[in-house]
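The structure under discussion appears below in the form of structure tokens.
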Amino acid sequence: MGLTGEVVVERPANREHGDYASNTAMRLARSNSRSPRDIAELLATALRRIDGIKSVEIAGPGFLNIGLAAAAQGALVSTIAQRGVAYGRTETLAGQHINIEYVSANPVGPVHIGHTRWAAVGDSLARLMVATGATVVREYYFNDAGAQIDRFAASLDAVARGEQIPGDGYRGGYIADVAAEVVQANQGLLEEPREKALEVFAHDGIELMFTAIRKSLADFGVTFDVYFNEREMHASGAVEATVRKLRDAGHVYEADGAVWLRTTDFGDDKDRVIVRSDGRPTYFCADLAYYVDKRERGADKVVILLGADHHGYIGRMRSLVSGLGDNPDETLEIIIGQLVNIRGGKMSKRAGNLLTLEELVEAIGVDAARYALVRSSMDSTIDLDLDLWASQTSDNPVFYVQYAHARIASLLRNAADLGHSLPPLAGVPLELLSQEKESDLLGALGEFPRILAAAAQFRAPHRVARYLEALAGTYHRFYDACRILPRADEEPAPEMAPRLWLCETTRTVLANGMGLLGVSAPERM
RNA sequence: GCCCCUGUAGCUCAGGGGAUAGAGCGCUACCCUCCGGAGGUAGAAGCGAAGGUUCGAAUCCUUCCAGGGGCACCA
């Protein structure tokens with residue numbers, strides 16, 4: 001037709017606008033300098049010739065409203081049934097090698113609520129990226145040396161000796177537990193010189209802490225492909241090598257005894273120190289080397305999830321990437337997410353009473369915790385109402401979704417008990433799925449692959465949760481309008497088999513979606 | 001002072017340029033001949049403010065107001 005431009009087809013909000021609708025004619029009008037109505041006429045004529053399209057109407061300024069034949073709609077059931085757990089997967093991110101880093105809590109304390117959000121979101125995002133065809137490495141970066149660790153060891157040491165914890169130390173309740181365990185495992189430790197004791201506290205304390213962290217995360221359904229230790233990178237000379245590379249590129253200068261990176265050349269608001277005046281590299285310097293390492297390991301996109309309190313990190317990091325000769329728009333993606341509040345109280349790692357991952361799970365369970373943390377846009381601060389998420393009522397969104405799944409599972413069990421197990425799909429008259437609520441449900445199921453693709457592309461796993469809530473609602477409305485199993489003294493209706501299959505495919509989509517969020521899909525509740 | 005995020009129904013939040021702005025909870029009135037009522041139907045109720053771009057703006061731009069988070073030779 002001689003037209004160029006992007007084509008967008010979507011489910012219209014209003015059923016009167018057909019099964020699918022497109023604004024293509026309006027989008028194309030400007031670039032092709034023809035009127036929207038003319039283009040719409042051309043497209044409509046072509047579309048009407050396609051098998052399975054029942055009607056094409058032009059509405060308003062140039063919308064195309066497309067109606068599908070019942071058989072074409074029902075065919076979706078076959079598609080979903082055949083693809084099963086793979087339904088929804090696409091290749092939209094195929095070919096991309098993504099390294100995604102999240103949580104990265106140092107082993108000086110338990111995983112707190114802020115980290116927990118990134119555990120839930122990062123894990124779901126990684127699953128989405130895999131489901132859309134990307135090659136993904138999930139990564140956890142940690143440091144077990146340095147000032148933070150010294151304070152940790154000093155805190156353990158002080159508690160073990162019954163002394164007061166230093167002002168800049170850690171004072172959570174776990175400190176006493178860890179200290180006791182270290183002392184238990186090292187008889188006579190407190191009689192050793194303090195230097196020696198601190199070393200043991202640091203080494204053993206970190207090991208205990210990190211084991212506990214990994215267990216908490218694993219119980220939460222979150223594991224990583226790589227646990228990356230910063231210290232090893234210093235030891236291998238990778239940090240020095242990166243400094244040399246930047247120096248050779250002319251981005252480095254010395255002032256006040258320290259080595260500075262001229263990040264202002266790349267838009268940062270001030271230059272940054274990479275080697276302190278005492279000769280020790282800064283954390284930022286290690287981050288440079290770490291980025292290089294990820295790239296050398298094959299990542300063409302380095303994704304990092306961070307809390308809002310780290311947003312100042314973006315400018316620095318982008319400057320660095322530019323200094324190394326990469327284009328940060330292409331290879332670096334720092335996702336900043338907002339923080340989590342529990343009933344108004346805010347979390348601080350140094351403060352004694354913080355809510356940990358384990359405490360959260362204990363209060364509301366893994367499913368509710370993961371769902372609650374992944375259901376909101378990362379740009380939104382979450383105010384977590386523990387009472388709501390602990391409740392077993394439909395106030396609780398995760399229950400609403402899980403209930404729909406359990407209800408279907410129950411229905412299919414009942415059907416089997418009545419001798420109506422799912423029949424082979426080949427002989428099922430799927431074209432009978434032509435009622436409004438059936439059509440609505442089919443339309444919703446058909447959207448799933450697009451939802452996943454968009455959620456992965458926009459790094460927005462919450463879209464999956466919102467979709468599942470909408471799908472659960474659509475199913476309940478179908479269920480309310482369409483009787484499936486025969487009543488006591490009735491024969492099965494011809495619609496029974498296709499409806500059973502419609503239920504089964506809905507169950508599949510709900511389960512696939514919940515799987516991407518790390519939430520269980522219960523057979524009964 | 002500068003930077004980032006947010007402001008949508010009474011509450012918690014969706015809505016990444018399209019048609020009459022949605023969901024859950026809460027409220028009001030219904031559906032118990034209903035396979036899981038942990039469900040469904042109907043109703044009241046909303047884009048912080050002002051400009052601008054566009055055929056079309058909750059969405060993009062500017063300013064202002066309000067809330068949150070940052071601005072280290074800490075991590």
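Every chain is numbered from 1 and lettered A, B, ... according to where its sequence line falls, protein lines coming before strand lines.
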[X] side chain: which of [options] is closest?
| X | options | answer |
| --- | --- | --- |
| R316(A) | A75(B), C13(B), G40(B) | A75(B) |
| R466(A) | C5(B), C35(B), A14(B) | A14(B) |
| W260(A) | C13(B), G15(B), C73(B) | C73(B) |
| F399(A) | A38(B), A19(B), C35(B) | A38(B) |
| Q338(A) | G18(B), C5(B), A19(B) | C5(B) |
| Q148(A) | A75(B), C13(B), G16(B) | A75(B) |
| D269(A) | U41(B), C71(B), U33(B) | C71(B) |
| H17(A) | G70(B), A19(B), C73(B) | A19(B) |
| N65(A) | U33(B), G18(B), A19(B) | A19(B) |
| F63(A) | G40(B), C35(B), A19(B) | A19(B) |

Please assess N65(A) against Y20(A) for the test side chain to side chain donor-acceptor pair (under 3.5 Å), listing each intermediate value before the final yes or no. CA-CA 6 Å; N65(A) 296 333; Y20(A) 290 91; over 6 Å; no

Test: salt bridge (charged side-chain N to carboxylate O under 4.0 Å, His left out). Region: residues 492-509 of chain A. Which pairs qualify, not counting sequence neighbours? E438(A)-R499(A), E504(A)-R507(A)

What pairs of residues pass the salt bridge (charged side-chain N to carboxylate O under 4.0 Å, His left out) test when at least one of them lies in residues 101-115 of chain A, not counting sequence neighbours? E101(A)-K294(A)

Under 4.0 Å: is that the gap between some side-chain N or O of [X] and OP1 or OP2 of [N]?
| X | N | answer |
| --- | --- | --- |
| K270(A) | A72(B) | yes |
| R276(A) | C74(B) | yes |
| R375(A) | U12(B) | no |
| Y475(A) | G36(B) | no |
| N414(A) | G36(B) | yes |

May I ask you to say whether [X] pairs ionically with [Y], meaning some side-chain N is under 4.0 Å from a carboxylate O?
| X | Y | value |
| --- | --- | --- |
| D417(A) | R413(A) | no |
| R483(A) | E490(A) | no |
| R171(A) | D168(A) | no |
| D278(A) | R280(A) | yes |
| D144(A) | R231(A) | yes |

Heavy-atom pair of closest approach, residues F284(A) and V273(A): CD2-O, 4.2 Å

Using the [atom1] atom as the point on both nucleotides, what is the distance between [M] and [N], in whole Å?
| N | M | atom1 | value |
| --- | --- | --- | --- |
| A42(B) | A58(B) | P | 25 Å |
| G17(B) | C47(B) | C1' | 16 Å |
| G15(B) | C74(B) | P | 40 Å |
| G26(B) | U63(B) | P | 43 Å |
| G48(B) | G7(B) | P | 8 Å |
| G36(B) | G43(B) | C1' | 28 Å |
| U41(B) | C60(B) | P | 32 Å |
| A75(B) | C65(B) | P | 37 Å |

Step through the shown structure and confirm whether more than 12 heavy atoms of other residues, nucleotides or ligands are within 6.0 Å of NE2 on H203(A). no

Without swapping roles, check the side chain of S22(A) against the backbone of T24(A) for a donor-acceptor pair under 3.5 Å. yes

Under-3.5 Å N/O pairs linking protein and nucleotides 64-66 of chain B:
none

So what's C55(B) paired with, Watson-Crick or G-U wobble, going by both distances under 3.5 Å? G18(B)

With sequence neighbours left out, what residues match [X] under ring-ring contact (aromatic ring centres under 6.0 Å, His included)?
| X | result |
| --- | --- |
| Y141(A) | Y290(A) |
| F63(A) | none |
| F152(A) | none |

[N] base / [X] side chain donor-acceptor hit below 3.5 Å:
| X | N | answer |
| --- | --- | --- |
| D395(A) | A38(B) | no |
| S277(A) | C73(B) | yes |
| D480(A) | G40(B) | no |

[X] ring over [N] six-membered base ring, under 5.5 Å and 30°:
| X | N | value |
| --- | --- | --- |
| Y403(A) | G36(B) | no |
| H310(A) | G69(B) | no |
| H476(A) | G40(B) | no |

In whole angstrom, what separates [X]'s [atom1] from [N]'s [atom2]?
| X | N | atom1 | atom2 | result |
| --- | --- | --- | --- | --- |
| H311(A) | A72(B) | NE2 | P | 11 Å |
| L510(A) | G39(B) | CG | P | 14 Å |
| R272(A) | C74(B) | CZ | P | 13 Å |

Please name all residues satisfying salt bridge (charged side-chain N to carboxylate O under 4.0 Å, His left out) with E491(A), sequence neighbours left out, ordered by chain then number. none

Any pair with a residue in residues 451-480 of chain A that passes side-chain hydrogen bond (donor to acceptor under 3.5 Å, both in side chains), sequence neighbours left out, goes on the list, sorted by first then second residue, please. E333(A)-R459(A), Y371(A)-E469(A), R375(A)-E469(A), R407(A)-H476(A)

For nucleotides 53-55 of chain B, tabulate all protein N/O to nucleotide N/O atom pairs closer than 3.5 Å, reporting atom names and distance.
{"unit_1": "C55(B)", "atom_1": "N4", "unit_2": "R30(A)", "atom_2": "NH2", "d": "2.8"}

Within 45 degrees of the axis of the six-membered ring of F266(A) and under 6.0 Å from its centre: does R318(A) put its NZ or CZ there? no

Between the protein and nucleotides 7-9 of chain B, which nitrogen or oxygen pairs are less than 3.5 angstrom apart?
none

Which pairs, protein N/O on one side and nucleotides 28-30 of chain B N/O on the other, fall under 3.5 Å?
none

Given F142(A), which of F228(A), Y227(A), F210(A) fulfils the ring pair (Phe, Tyr, Trp, His ring centres under 6.0 Å) condition? F210(A)

For RNA chain B, find the residues of residues 226-233 of chain A with a heavy-atom distance under 4.0 Å and give them by number; none if there aren't any. none

